[in-house]
Amino acid sequence: MKSDRNREIPVKIERSLWGISAGRCEFEGCNCFLGINPITMETGNYGEKAHIEAVSKGGARYREVMDVEELNSTDNLMLMCAKCHKTIDDNPEIYPVVRLREMKKSHENRVYWLTEYDNVQQSYMVGYFANIKNYQPEFDNVQFCKALVSDKKIPSERYINLIGSSNMPFSDGTKEFYFVQEKAIEQGVERVIKQCIHENENISIFALAPIPLLIKLGEKISDIANISVFQCHRKEDKWSWDRDNKDIVNFIIQMPEQVNQKRVAINISLSADIIDSRVKHTVGEISTYKITIENPNRLFVTNKGIIDDYIKAFRNCMETIKNDNPEIKEVLVFPAMPNSLAIRTGMDYMPKCDPTLIIYDQVEQSKDFIETITIGGK
Ligand SMILES: [Zn+2]
Ligand SMILES: [Zn+2]
């Protein structure tokens, strides 16, 4: 038996181990960061130094021939969290030396290459979440970070910055609700974005809310350069872009049956089809321009190119309306659309030359549309 003294790992070895592992658990699939207590946020050394081949006889993966220096070298040690350390030491038959060496090599190789690039674009994460009908959006910081990585960026801070409170009231379908939310967006954009971003800093937007509020959010950030808008995909890794996805969506603009110089509406039927008679039922006879796709659904925004193609269709529709109706001052908008497209609609609205947009929303599926907020016109 070797004496207990032999278990002591020299400080320089421990430092080297922390460095090559980047302070993260080296057990495959764990990767937890060991320099902070995730509950209390206190910084500290929460890592354990796990021996691949045990120091003492009877220990996991013990082999007589190794000397103390070899045993306590970085080559024979892995930085691990307490759970993973226990797992490998309790089950040496499942985690033999070769398996652990593989994990160590792969972890340290990944850390080395990921930190080799010193010019990765950083992005400031901003979130806005308001309750939609009876659905309360959840937010998951890890998924936002993964989404940034899918866009070849990394977060500039560890956590997302929220506009508004995380506990928004449910829409009661009154104009007052939208008015209060509109003010919250205005103040939030000022506080969370305008006072915090540095020049040319990239911003990533994650937002789920009733569509009129997303369009309003877009309008409020339209003067800021360098914004990436993310789509919620409602599946695993909900906000990440699939970089291999090359889907193309054909946006269709349908012209009104007759051009009416006085009243104009846009029916945006993308996530669902809004039947024209519902628009008429709400606001009476009106020239309705429709932006739609072949099979309206909630999942078609699978790559960023689709957002750009939608914006081309939206701008095209706005210009057509202005050409057909030169005197037009306001346009009523009936939207059913994915979150990213709603935000971009507000961002690509042109306050100086577009008519005012009056946005309608359907509070419950069965009910009529109600007038909510106004874009532009000030
Ligand atoms: Zn150990
Ligand atoms: Zn672990």
Side-chain angles (χ1 to χ4, degrees), residues 4 6-63 66 68-117 120 122 125 138-150 153-160 235-240:
D4 218 36
N6 292 338
R7 301 186 62 88
E8 270 175 35
I9 295 159
V11 173
K12 63 172 187 180
I13 300 290
E14 177 164 7
R15 282 185 185 146
S16 148
L17 186 63
W18 266 80
I20 56 177
S21 62
R24 290 181 178 274
C25 177
E26 297 195 69
F27 187 80
E28 191 178 277
C30 181
N31 202 40
C32 69
F33 183 62
L34 297 164
I36 196 166
N37 177 327
I39 315 284
T40 65
M41 294 298 159
E42 276 164 301
T43 53
N45 178 349
Y46 298 95
E48 298 194 359
K49 301 165 288 288
H51 287 92
I52 295 178
E53 301 190 48
V55 172
S56 37
K57 210 169 200 159
R61 297 164 295 270
Y62 174 75
R63 196 156 55 99
M66 288 181 88
V68 180
E69 231 165 281
E70 257 182 292
L71 285 166
N72 288 333
S73 68
T74 44
D75 282 350
N76 190 46
L77 291 166
M78 293 172 76
L79 192 73
M80 280 196 191
C81 71
K83 279 182 196 163
C84 295
H85 189 181
K86 180 169 166 50
T87 302
I88 64 155
D89 281 0
D90 285 357
N91 306 284
E93 65 293 340
I94 303 176
Y95 303 105
V97 174
V98 274
R99 183 80 187 93
L100 295 181
R101 288 207 185 286
E102 267 172 23
M103 289 188 190
K104 178 178 170 70
K105 188 179 169 194
S106 156
H107 179 95
E108 291 168 11
N109 182 57
R110 180 169 57 85
V111 162
Y112 178 84
W113 285 109
L114 285 177
T115 50
E116 177 70 7
Y117 300 99
V120 179
Q122 305 202 7
M125 298 192 293
E138 42 185 296
F139 32 95
D140 178 343
N141 215 62
V142 173
Q143 281 184 338
F144 301 142
C145 296
K146 281 185 180 171
L148 251 65
V149 172
S150 79
K153 299 186 185 86
I154 55 169
S156 63
E157 291 177 4
R158 213 166 272 176
Y159 297 96
I160 196 162
K235 60 174 165 71
E236 245 184 286
D237 283 344
K238 280 167 55 143
W239 298 86
S240 296

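First listed ligand is number 1; within each ligand, the first listed atom is number 1.
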Would you say CD of Q122 has more than 12 non-hydrogen atoms from neighbouring residues, nucleotides or ligands within 6.0 angstrom? yes
Before accepting this row, confirm whether a basic side-chain N of the pair E102/K105 lies closer than 4.0 Å to the acidic partner's carboxylate O. no
So the angle subtended at the Zn ion (ligand 2) by C25 atom SG and C84 atom SG, rounded to 10 degrees, is 110°
Is C81 close enough to the Zn ion (ligand 2) that one of its N, O or S atoms comes in under 2.8 Å? yes
Does any N, O or S atom in C32 come within less than 2.8 Å of the Zn ion (ligand 2)? no
Heavy-atom donor-acceptor pair, N31 side chain to R24 backbone, under 3.5 Å: no
Can you tell me which residue among L100, I20, L17 is in a side chain to side chain contact (heavy atoms under 4.5 Å, CB included) with E26? L17
